[in-house]
Amino acid sequence: MAHSDDSLVESAADRAVVQWLSAFDAALLAQDVDRAVDLFEPGGYWRDLVAFTWNIKTMEGDAAIAQMLRATLAQCRPSGWRLTSAAEADGAAVSAWIAFETSAAHGAGRVTLRNGRAQVLFTAATDLKGFEEPSGPTRPQGLSHGAQRGRDSWTDRRQAQIARLGRDDQPHTLIIGGGQGGLALGARLKQHGVPALIVERNARAGDSWRSRYRSLVLHDPVWYDHMPYLPFPPNWPVFTPKDKMGDWLEAYATIFELDIWCDTVCENAVWDPDAACWTVTVLRQGEAITLTPRELVFATGAYGPPRQIDWPGQERFSGRLIHSSAYRDGADWRGKRCVVVGSASSAHDVAVDLWEAGAEVTMLQRSPTIVVRSETLMELGFATYSEAAVAAGLTVDRADM
């Protein structure tokens with residue numbers, strides 16, 4: 001049966017959530033899909049992150065929720081639904097943070113009830129059973145006490161591991177791209193003991209940020225940008241300059257002992273169904289190396305290659321024509337007339353940088369653009385991720401939930 005943690009049941013809102021969780025737990029344990037679905041209001045939502053579906057899925061309405069449960073319930077065997085925070089009442093709605101487990105994972109989530117039925121249920125797997133991350137009380141010791149002749153130091157072992165990886169020892173996972181996505185995944189796999197190698201075409205981790213235009217600053221505030229295991233310190237600026245971000249990523253790779261080959265380009269990759277692995281050729285500082293990982297991850301960015309435009313008559317243009325990805329510094333255009341084609345974030349950044357450097361700037365805008373003051377976004381749009389939210393107990397991890 002469902003229960004609450006730390007005797008949280010004190011209010012009518014708490015009791016409403018615990019009562020719902022108890023009924024939901026009993027229906028799922030009995031594998032009674034119809035009874036479980038009846039605990040949702042018509043048109044209710046269930047958002048699942050890996051826990052039930054091993055995917056990111058949103059089920060809307062009774063039919064979709066029932067279909068998902070019939071496909072997953074027998075295998076995932078959920079149980080132990082419980083309240084983990086005091087419930088919050090907002091008019092007719094009651095919301096609370098919850099926890100549960102399945103046959104494979106520990107889970108957490110949030111439920112919002114209206115008139116005793118779920119309007120929204122969110123479920124997420126937080127740890128796989130038997131593969132919990134070693135941290136806190138289970139963190140590694142870092143040494144073996146006692147006297148031992150010829151003992152290898154941490155540096156000895158680390159250097160030997162680096163020398164073997166990709167040659168004598170093959171990575172289980174090869175990650176192409178050493179930006180924030182590739183490094184974050186590398187850190188997660190490292191924590192789970194999964195051998196992973198990151199290949200990055202730039203000379204240093206973080207160069208994907210350092211190589212951008214001089215004035216670039218992250219447009220997302222700091223609370224959106226934390227990396228796993230190592231949040232930014234409390235004195236970190238709200239909007240991070242690009243070179244500062246690059247240095248942070250390089251330090252992150254060092255701190256978490258990530259295996260990363262810089263100045264390395266992936267030439268090709270072919271899946272071998274018989275060996276159940278990839279054959280990947282990389283060019284590392286001019287040397288061709290063959291890797292055979294079981295998993296291949298592309299962490300090469302969300303936007304793809306620059307979209308170059310073939311302008312009619314551009315061969316007769318005597319000036320300089322570049323894409324914003326090649327733009328570096330407005331000083332190169334001081335005293336010149338410049339046209340910026342586009343009106344989104346990069347266009348505004350480049351136009352301002354050109355103007356500040358002394359260029360005469362014209363921006364061409366094809367279609368309407370949403371323009372909102374940064375101060376307004378900070379007050380309203382980013383309210384879930386903010387200093388005020390953290391002070392009110394809404395941590396970044398909980399805001400992600």
Side-chain angles (χ1 to χ4, degrees), residues 2-11 13-18 20-21 24-25 44-53 55-59 78 80-91 93-102 105-114 118-129 132-133 135-138 180-181 184-185 187-188 191 218 220-236 238-240 252 377-401:
H3 61 280
S4 65
D5 286 350
D6 302 322
S7 302
L8 287 169
V9 181
E10 298 177 354
S11 68
D14 296 333
R15 290 191 291 273
V17 174
V18 170
W20 187 90
L21 290 173
F24 192 56
D25 193 31
Y45 293 87
W46 184 339
R47 171 79 161 173
D48 182 62
L49 184 64
V50 177
F52 280 70
T53 62
N55 208 328
I56 302 174
K57 293 284 187 180
T58 299
M59 284 61 66
W81 297 83
R82 59 195 184 275
L83 186 69
T84 59
S85 71
E88 310 143 30
D90 183 8
V94 175
S95 301
W97 300 100
I98 60 174
F100 63 96
E101 60 183 74
T102 69
H106 305 284
R110 186 169 173 87
V111 65
T112 296
L113 307 179
R114 288 195 305 196
Q119 177 194 20
V120 178
L121 174 64
F122 174 68
T123 52
T126 56
D127 259 317
L128 296 178
K129 290 182 176 179
E132 294 83 358
E133 295 188 5
S135 64
T138 61
Q180 61 268 28
L185 177 59
R188 291 282 280 177
Q191 184 77 350
L218 271 68
D220 292 331
V222 62
W223 305 279
Y224 279 92
D225 301 327
H226 291 303
M227 298 284 285
Y229 314 115
L230 189 66
F232 294 115
N235 63 345
W236 197 263
V238 174
F239 300 103
T240 307
Y252 185 89
L377 280 176
M378 292 295 293
E379 179 185 354
L380 302 175
F382 298 146
T384 308
Y385 294 87
S386 65
E387 213 69 67
V390 172
L394 187 59
T395 64
V396 172
D397 287 340
R398 190 161 270 190
D400 285 346
M401 279 280 183

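Position 1 is the first residue of the sequence; numbering continues from there. Remember, it's a predicted structure, so these values are computed and weren't measured experimentally.
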For atom CG of N55, decide whether the heavy atoms of other residues, nucleotides or ligands shown that lie under 6.0 angstrom number more than 12. yes

Enter the distance from I98:CD1 to L83:CG here, rounded to the nearest 0.5 Å. 9.0 Å

Here the pair of heavy atoms bringing A93 nearest to T112 is CB-CG2, 4.1 Å

Minimum heavy-atom separation for M401 to A108, with atom names? CE-CB, 3.7 Å

Any idea how H226 and F232 line up, ring-wise: parallel (<30°), tilted (30 to 60°), or perpendicular (>60°)? tilted

Side-chain (D14) to main-chain (A86) donor-acceptor, under 3.5 angstrom: no

Quick check on I56: does its CD1 atom have over 12 non-hydrogen neighbours (other residues, nucleotides or ligands) under 6.0 Å away? no

For F100 and A51, the nearest pair of non-hydrogen atoms, with its separation, is CZ-CB, 3.9 Å

CZ (F122) and CZ (R47) are apart, to the nearest 0.5 Å, by 7.0 Å

In this structure, which one of E101, E132, K129 forms a side chain to side chain donor-acceptor pair (under 3.5 Å) with H106? E132

Here the pair of heavy atoms bringing V111 nearest to A118 is CG2-CB, 4.3 Å

Answer yes or no: is there a side-chain heavy-atom contact under 4.5 Å between F382 and W223? no

Once you measure the plane-to-plane angle for F24 and W81, does it fall in the parallel (<30°), tilted (30-60°) or perpendicular (>60°) bin? perpendicular

Residues two or more places apart in sequence or in another chain: which of them pass side-chain contact (heavy atoms from CB on, under 4.5 Å) with P228? A184, R188, Y252

Can you list the residues that meet the side-chain contact (heavy atoms from CB on, under 4.5 Å) rule with A105, with sequence neighbours excluded? T102, A125, L128

Is any side-chain heavy atom of Y229 closer than 4.5 Å to one of E133? yes

Identify the two heavy atoms, one from L113 and one from A16, that lie closest to each other, and give their separation to 0.1 Å. CD1-O, 3.7 Å

Heavy-atom nearest pair, G107 first then T126, reads N-OG1, 3.9 Å

In the structure I gave you, are the side-chain heavy atoms of L121 and M59 within less than 4.5 Å of one another anywhere? no

Going from CD on Q119 to OG on S95, what distance comes out if it is rounded to the nearest 0.5 angstrom? 8.0 Å

Residues pairing under side-chain hydrogen bond (donor to acceptor under 3.5 Å, both in side chains) where one sits in residues 386-401, two or more places apart or in two chains, turn out to be Y385-D400

Between the side chain of S85 and the main-chain N/O of W97, is any donor-acceptor distance below 3.5 Å? yes

Okay, side chain of D220, backbone of Y224: is any donor-acceptor separation there less than 3.5 Å? no

